[in-house]
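Remarks on the structure that follows.
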Amino acid sequence: MIRDRGKIKWTSLMLPEHVKELRDIWEEFERDTKPEVDIFALSEMEERIRYAMEYHLPLRMKIWNELKGKCETKTGTIHYLNEQNRNLMLECGDEGFVRVRVENLISVDVVE
């Protein structure tokens, strides 16, 4: 049986630039495409947001993060809604305030 050390034997041959490039390639490979939201789902999300604002209920939002290329889930109450700039301020407790653009919303659920 051959006793191979796997990746360990190659670490001495790799420069830091190579390691960085490999990490960048893997990061780009793992990126997802932004899910499309139709107009009916958008109007339903708008109704849920208005309902939660009126009764001060927490929301669970699935938000598209453009930098990471993945969806994130945030839970909190809406502090402020700016319809002109199409963004809202979400109060997330430990994280503080998070600004969310309406274009980046994937789904909104009311937590009761």
Side-chain angles (χ1 to χ4, degrees):
M1 179 173 177
I2 299 174
R3 294 192 167 262
D4 191 14
R5 295 181 296 156
K7 294 180 182 178
I8 296 173
K9 66 181 179 182
W10 295 105
T11 56
S12 64
L13 298 175
M14 296 194 62
L15 296 173
E17 294 85 11
H18 295 144
V19 174
K20 182 184 179 307
E21 281 296 320
L22 284 173
R23 285 187 185 140
D24 291 343
I25 289 171
W26 278 108
E27 193 173 290
E28 185 68 31
F29 182 71
E30 292 175 352
R31 292 179 70 89
D32 294 334
T33 58
K34 181 179 178 184
E36 295 294 323
V37 179
D38 62 344
I39 193 153
F40 298 113
L42 195 59
S43 64
E44 187 175 318
M45 285 190 287
E46 182 181 340
E47 288 177 20
R48 289 179 184 168
I49 289 171
R50 293 193 188 283
Y51 176 76
M53 280 183 66
E54 184 176 344
Y55 295 107
H56 302 288
L57 296 173
L59 291 171
R60 183 179 300 117
M61 296 183 172
K62 194 172 185 183
I63 303 166
W64 175 254
N65 188 337
E66 294 178 12
L67 297 175
K68 294 180 182 177
K70 295 187 179 191
C71 291
E72 296 178 341
T73 304
K74 303 275 185 191
T75 304
T77 57
I78 295 180
H79 180 69
Y80 179 75
L81 174 65
N82 189 346
E83 293 183 17
Q84 203 168 29
N85 293 338
R86 298 190 47 84
N87 60 17
L88 53 93
M89 190 71 74
L90 189 66
E91 187 175 353
C92 293
D94 293 345
E95 294 181 41
F97 293 97
V98 177
R99 182 172 304 213
V100 178
R101 295 191 51 83
V102 174
E103 293 84 23
N104 294 336
L105 287 177
I106 304 301
S107 69
V108 175
D109 295 319
V110 178
V111 179
E112 294 187 33

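Salt-bridge check for Glu27 with Arg23: failed, with every basic side-chain N at 4.0 Å or more from each acidic carboxylate O.
A chain of hydrophobic side-chain contacts below 4.5 Å, direct or via other Ile, Leu, Val, Met, Phe, Trp or Tyr residues, connects Met53 to Tyr51. In terms of hydrophobic clustering, with Ile, Leu, Val, Met, Phe, Trp and Tyr side chains grouped at heavy-atom distances under 4.5 Å, Met45 and Tyr55 are assigned to a common cluster. With hydrophobic clusters built from ILVMFWY side chains whose heavy atoms lie under 4.5 angstrom apart, Leu57 shares a cluster with Val100. When the side chains of ILVMFWY residues are joined at heavy-atom separations under 4.5 Å, either directly or via intervening members, Ile63 and Leu81 end up in a single hydrophobic cluster.
Under the 4.5 Å side-chain criterion, counting only non-hydrogen atoms from C-beta, Leu59 is in contact with Val110. In this structure, Arg60 and Thr73 have side chains that are in contact, with non-hydrogen atoms separated by less than 4.5 Å. Counting only heavy atoms from C-beta outward, the side chains of Val37 and Leu105 never approach each other to under 4.5 Å. Counting heavy atoms from C-beta on, the side chains of Lys34 and Asn104 come closer than 4.5 Å. Between Met61 and Val98 the shortest side-chain heavy-atom distance does not fall below 4.5 Å.
We find the NZ-CG distance between Lys70 and Asp32 to be 6.5 Å, quoted to the nearest 0.5 Å. Summarising the geometry, atom CG belonging to Leu22 is positioned 12.0 Å from atom CD belonging to Glu17; distances are rounded to the nearest 0.5 Å. In this structure, the separation between CD on Glu46 and CG on Leu42 is 7.0 Å, given to the nearest 0.5 Å. Atom CD of residue Glu44 and atom CD of residue Glu47 lie 7.0 Å apart, to the nearest 0.5 angstrom.
Other residues, nucleotides and ligands contribute more than 12 heavy atoms inside 6.0 Å of the NZ atom of Lys74.
Taking every heavy atom of both residues into account, Trp64 and Gly69 meet most closely at CH2-O, 3.2 Å. Residues Thr77 and Pro58 share a closest heavy-atom pair of CG2-CA, 3.8 Å. Taking every heavy atom of both residues into account, Lys62 and Cys71 meet most closely at CE-CB, 3.9 Å.
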Report task. For the pair Leu90 and Ile78, evaluate side chain to side chain contact (heavy atoms under 4.5 Å, CB included) and give the outcome as yes or no after the intermediate values. Result -> CA-CA 5 Å; Leu90 189 66; Ile78 295 180; 4.1 Å; yes

